[in-house]
Each structure stands twice: as structure tokens, then as C-alpha cells.
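Read through the structure below, which is laid out as C-alpha cells, and then see the notes.
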Protein chains: 2
Amino acid sequence: MTSHSFVSIAPRIAKPAPAADPFNLVGVRLPYAADEEIYAQDEDSDFVYRVVRGAVRTSRLLRDGRRQIGDFYYAGDVFGLEPGEQHRFTAEALIDSEILMIRRSASNAFGADGADLERMLWTATAQELARTQEHLMLLARKTAREKVASFMLDLAQRNAAEVTVLPMGRQDMADYLGLTIETVSRTLTCLQAEGLIEFFGSRRFCVRGASRLARMVVC
Amino acid sequence: MTSHSFVSIAPRIAKPAPAADPFNLVGVRLPYAADEEIYAQDEDSDFVYRVVRGAVRTSRLLRDGRRQIGDFYYAGDVFGLEPGEQHRFTAEALIDSEILMIRRSASNAFGADGADLERMLWTATAQELARTQEHLMLLARKTAREKVASFMLDLAQRNAAEVTVLPMGRQDMADYLGLTIETVSRTLTCLQAEGLIEFFGSRRFCVRGASRLARMVVC
DNA sequence: CGTTTCTTTGAATCCGGTCAAGGTCCGTGG
DNA sequence: CCACGGACCTTGACCGGATTCAAAGAAACG
């Protein structure tokens with residue numbers, strides 16, 4: 001297992017100014033190794049998390065072993081705010097990561113800061129819902145080609161650098177896209193053969209035909 | 001179009017006591033005919049809605065005509081609280097319905113009542129997220145049989161009566177489950193042949209093998 | 001290096017989609 | 001009351017994209 005890959009991905013949510021950031025006031029920073037569990041499915045928890053460095057996947061296991069990945073989270077992203085009493089997904093570090101965690105109920109104990117936290121939780125939940133809806137469309141109504149193309153483009157677009165590093169393996173991609181690992185692999189080979197993307201090894205790639213790629217992402 | 005079917009489905013969220021219910025304080029009731037639009041995709045809106053009587057579907061159209069149904073809502077359910085500035089889905093009445101609507105920003109204008117509204121919005125959004133995640137699992141990792149079985153069982157379970165009436169047609173079911181209308185129809189025929197469900201016409205059915213049906217709903 | 005794990009490729013299969021036709025339900029009007 | 005028409009639903013035959021099973025190839029790690 002690679003445990004020191006460096007990944008630089010732009011955050012999904014702009015970090016609030018430090019002064020107004022509830023995480024900085026009451027958060028705790030913890031390191032996690034690759035594949036280490038941050039919290040478990042069905043575990044109840046009162047925390048919310050933010051990726052400081054690294055990358056995280058949330059996943060859910062069905063009884064018969066089928067696995068679905070809920071989402072991937074990168075530096076700056078907030079996760080773990082599933083609304084119920086207990087987590088419906090497991091969260092694991094994809095690579096070596098640093099995670100900031102904060103007690104949700106802290107919002108009651110702080111005056112103005114509590115309101116800030118509340119507001120942040122609300123915003124993050126709303127974003128989470130929007131992202132889940134987008135994921136839903138992808139799963140329900142897209143072909144394997146479209147799924148893989150969306151995924152690669154999405155990843156590349158939140159990366160300033162020319163070359164993007166995949167923090168996850170093919171199996172994780174497959175479980176996110178609702179495909180098998182073989183289909184993902186074949187589709188990537190195909191996209192590369194068409195000159196839309198180019199791989200350097202199996203984890204590093206860059207987009208060659210961004211506009212052509214974008215055109216095949218129906219929305 | 002049948003426009004006066006009677007549907008009795010239990011609400012997803014228990015109605016709050018009238019005194020604490022923000023809808024009763026500032027809501028407006030409106031009637032909608034079958035297939036009438038309540039709000040449109042990309043329309044921006046400051047309202048939240050509750051089904052008083054009837055049933056509603058939210059759906060989203062891709063450029064090339066592919067349609068995905070977000071969810072179905074029945075009496076007592078709250079909908080329309082997609083977080084962004086504008087709606088990402090269209091909402092339409094499935095059958096003749098009565099809808100209560102309330103201005104979201106009303107929460108700022110009312111003291112304690114505003115807090116109640118805020119709390120209700122939060123709860124409803126959280127529930128919406130949970131439901132969307134469930135829908136995601138269904139779409140990504142279930143076979144046609146499992147999808148249809150889940151759907152029928154779910155519908156039957158929130159119905160006190162012996163016979164359940166489907167407020168939507170086969171096309172709507174298909175667009176919800178990520179299948180074609182033919183596959184839905186075939187699968188229903190198959191489930192009926194196996195004695196798991198029984199149809200009386202194409203809209204009325206009851207579950208015969210609830211436990212066998214439940215067993216095929218992986219979760 | 002040798003071993004293990006991950007990825008790619010190939011061939012065969014199958015589930016669900018597509019295309020096409022027939023059947024049913026239901027409202028309307030003769 | 002029955003005949004007609006249109007929308008919706010079901011069924012059949014065939015097709016194709018994705019899965020499955022199997023094996024080879026590449027990359028990571030000790």
C-alpha cells in the first residue's frame with residue numbers, strides 16, 4: 001500500500017477566514033495512515049470532520065459484500081455530517097492524511113462561535129445533498145464511458161497542476177461509479193487510445209482533450 | 001389521465017403539533033391538478049412545500065432527454081428544500097393534490113416561530129439527504145428485481161390498507177429506478193407469477209409474500 | 001530480486017435495453 | 001349500452017454493453 005503519495009487537490013469549499021472558522025477554535029487534529037478507519041458504519045458519532053491534508057473515502061457495505069462508495073473528500077472538504085444518530089457510511093483515509101474533528105454539540109456551548117458552527121454545518125449539509133444528487137444522476141443515467149469521463153474530468157478540474165494523481169485505486173473508482181474494476185480499466189484504456197487522457201503509470205494522468213471530454217459529460 | 005384517484009399513504013415525517021407547526025402560521029395552500037408543475041428546474045425559489053393531500057414527483061431532465069426522478073412525496077412529506085439558489089429538480093403533482101407552501105426567508109421575520117421553521121428545515125434537509133443516499137445505493141448496486149421489489153415493498157409498508165394504489169405510472173417508476181418501462185413491467189409480471197405481489201388492474205396491488213419480498217431487499 | 005498486490009486484457013455470458021407488436025384500460029360519444 | 005380511440009401496459013425477439021471468469025502483465029514493497 002502506498003502510504004506517502006502526495007496529492008494536491010483544490011478544496012471544494014473555500015476555507016473561511018481563520019477568525020470565523022469554528023474548526024480552529026475547538027477542533028482536534030489527528031493523523032491517519034492509508035486505509036485507516038476514521039469512523040465506522042453504524043457507529044454513532046457527534047463529530048464532524050475536515051480533511052486538512054490527504055484524502056478520504058466514505059463507503060457502505062451491503063450484507064452480501066457489495067460495496068458502494070459515497071464520496072471522496074480532499075483537503076478542505078468537510079465530511080461526516082450524515083444527519084442521523086449514527087453514521088450510515090464508513091470513512092477511511094485513502095492515503096496518509098490529517099483530519100480535523102469537532103464535536104457537533106459544541107454549537108450549544110459557544111455563543112457567537114456556536115452560530116458560526118451551525119451555519120457551517122448547514123452549508124456543508126446542503127452541499128453534501130447537492131453532491132449526492134449529482135452522484136445519483138451519474139449512477140442512474142450514464143453509460144460506463146460517461147461515468148468514467150465525468151470522474152476523470154472532475155478530478156482533473158480541481159487540480160491546478162498539469163498532472164493529476166489519483167489517490168484511489170481502480171476498485172475504489174469502480175465502487176464509486178457503480179461499475180466493475182475491469183470495466184473501469186477497459187474504459188480508461190479506451191479513453192487513452194482516443195487521446196482524451198494520458199496515463200503515466202496507473203495513478204498519474206493528464207487530460208488531453210478537455211473540451212472533447214467535457215462534451216461527453218451529459219448534464 | 002385519471003385525475004381523481006384516491007391515495008392514502010402514511011406520511012414520512014410525523015406532523016408536528018399544530019401549535020408548533022410553522023406551516024400553519026405562514027403557509028399558503030394551493031391546489032394542483034395531475035401533472036401540473038409546482039416549480040421548474042433552474043427556477044429560483046425561496047419556498048418550501050408540504051404535501052397536504054395527493055402525491056408529488058421531483059424530476060430532472062438531461063439535455064438529451066434522459067429523465068431521472070429524484071423522489072416521490074406523499075401526504076405529510078416536505079419537499080423543495082434543495083439548498084442552492086435555484087431548484088435543481090422540477091416538481092410536479094402526480095395526481096390532484098393540495099400543496100402548502102411557505103417562504104423560507106420567513107424564518108428571519110419571526111422570533112420563536114422563525115426558530116421552529118429553521119429547525120424544521122434542518123430536519124427535513126437531513127432526512128432528504130438520508131433518503132437520497134438510500135436511493136443512491138438502490139441505483140448503483142441493485143439488480144432490476146431488487147430495485148422493483150424495494151420500491152413495491154416501500155410503498156406498501158407506508159400504507160395501512162391491504163391494497164395499495166400506485167399514484168404513478170410505469171414510466172415514472174422506471175425513471176425512479178433507473179430502468180426502462182419494459183423492464184419494470186416484465187419484473188412486475190415476474191414477481192406476480194412467483195406469488196410475491198398481486199395486481200388488480202395496473203395501479204392497484206397488494207403484497208402476498210412480505211417476508212420473502214423483504215429478504216430480497218439487500219441493505 | 002522475489003513476492004504480493006494491483007491492473008490490464010481476453011473470451012464467453014447474461015442482464016437489461018431496444019425495437020416492434022399486441023393487449024388492456026378507460027373516457028368519450030354515438 | 002356499445003363502439004371507438006388513445007394512452008398506457010405487457011409481451012416477444014433480438015441486440016449489445018457490462019459483468020464474469022480466467023490469466024497475463026505491471027507496479028509496489030520488503
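A note on names: the letters A, B, ... follow the listed sequences, proteins ahead of strands, and every chain is numbered from 1.
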- Would you kindly give the CZ-to-C1' distance between A:Phe200 and D:dA26, to the nearest whole Å? 17 Å
- salt bridge (Lys or Arg N to Asp or Glu O under 4.0 Å) against B:Arg208, all qualifying residues, sequence neighbours excluded: B:Glu162, B:Glu198
- Whole-Å distance separating the NZ atom of B:Lys147 from the P atom of C:dG17: 7 Å
- Query: Atom CG of A:Leu179 and atom P of C:dC15: how far apart are they, to the nearest Å?
  - Reply: 18 Å
- Item | Protein-nucleotide distance (B:Gln192, atom CD; D:dT11, atom C1'), rounded to Å | 14 Å
- salt bridge (Lys or Arg N to Asp or Glu O under 4.0 Å), paired with A:Arg57, selected from A:Asp77, A:Asp71, A:Asp35, A:Asp175: A:Asp35
- Item | Non-hydrogen side-chain atoms of B:Arg88 and B:Thr58 separated by less than 4.5 Å | no
- Distance, rounded to the nearest Å, where B:Arg204 contributes CZ and D:dC9 contributes P: 13 Å
Can you name the atoms? Protein N/O to nucleotides 7-10 of chain C N/O, anything below 3.5 Å, with the distance.
{"from": "C:dT7", "atom 1": "OP1", "to": "A:Arg170", "atom 2": "N", "distance (Å)": "3.3"}
{"from": "C:dT7", "atom 1": "OP2", "to": "A:Arg170", "atom 2": "N", "distance (Å)": "3.2"}
{"from": "C:dT8", "atom 1": "OP1", "to": "A:Arg170", "atom 2": "NH2", "distance (Å)": "3.1"}
{"from": "C:dT8", "atom 1": "OP2", "to": "A:Arg170", "atom 2": "NE", "distance (Å)": "2.8"}
{"from": "C:dT8", "atom 1": "OP2", "to": "A:Ser185", "atom 2": "OG", "distance (Å)": "2.8"}
{"from": "C:dT8", "atom 1": "O5'", "to": "A:Ser185", "atom 2": "OG", "distance (Å)": "3.0"}
{"from": "C:dT9", "atom 1": "OP2", "to": "A:Thr189", "atom 2": "OG1", "distance (Å)": "2.7"}
{"from": "C:dG10", "atom 1": "N7", "to": "A:Arg186", "atom 2": "NH1", "distance (Å)": "2.9"}
{"from": "C:dG10", "atom 1": "O6", "to": "A:Arg186", "atom 2": "NH2", "distance (Å)": "3.4"}

- Query: Roughly how many Å is it from CG in A:Asp175 to C1' in C:dC6, rounded to a whole number?
  - Reply: 14 Å
- Item | Side chain to side chain, A:Phe47 and A:Arg103, heavy atoms closer than 4.5 Å | yes
- Message: Set out, in order, the CA-CA distance, both residues' side-chain angles and the distance that settles salt bridge (charged side-chain N to carboxylate O under 4.0 Å, His left out) for B:Glu82 and B:Arg60, then state yes or no.
- Response: CA-CA 13 Å; B:Glu82 307 151 55; B:Arg60 198 160 168 210; over 6 Å; no
- Item | Steps toward side-chain contact (heavy atoms from CB on, under 4.5 Å) verdict (A:Cys219, A:Met137) | CA-CA 8 Å; A:Cys219 58; A:Met137 296 297 288; over 6 Å; no
- Task: Going by the side-chain contact (heavy atoms from CB on, under 4.5 Å) test, name the single residue among A:Asp154, A:Leu155, A:Val148 that passes it with A:Phe151.
- Result: A:Leu155
- Item | Close approaches to DNA chain C from residues 133-145 of chain A, in residue order (heavy atom, under 4.0 Å) | none
- Side-chain contact, heavy-atom cut-off 4.5 Å: A:Phe72 with A:Asp172? yes
- Message: Tell me the interatomic distance from B:Leu177, atom CG, to C:dC15, atom C1', rounded to whole angstroms.
- Response: 16 Å
- What is the distance from CG of A:Asp35 to C1' of C:dT5, rounded to the nearest Å? 12 Å
- Query: Mind checking whether A:Met216 and A:Leu196 have side chains closer than 4.5 Å, heavy atoms only?
  - Reply: yes
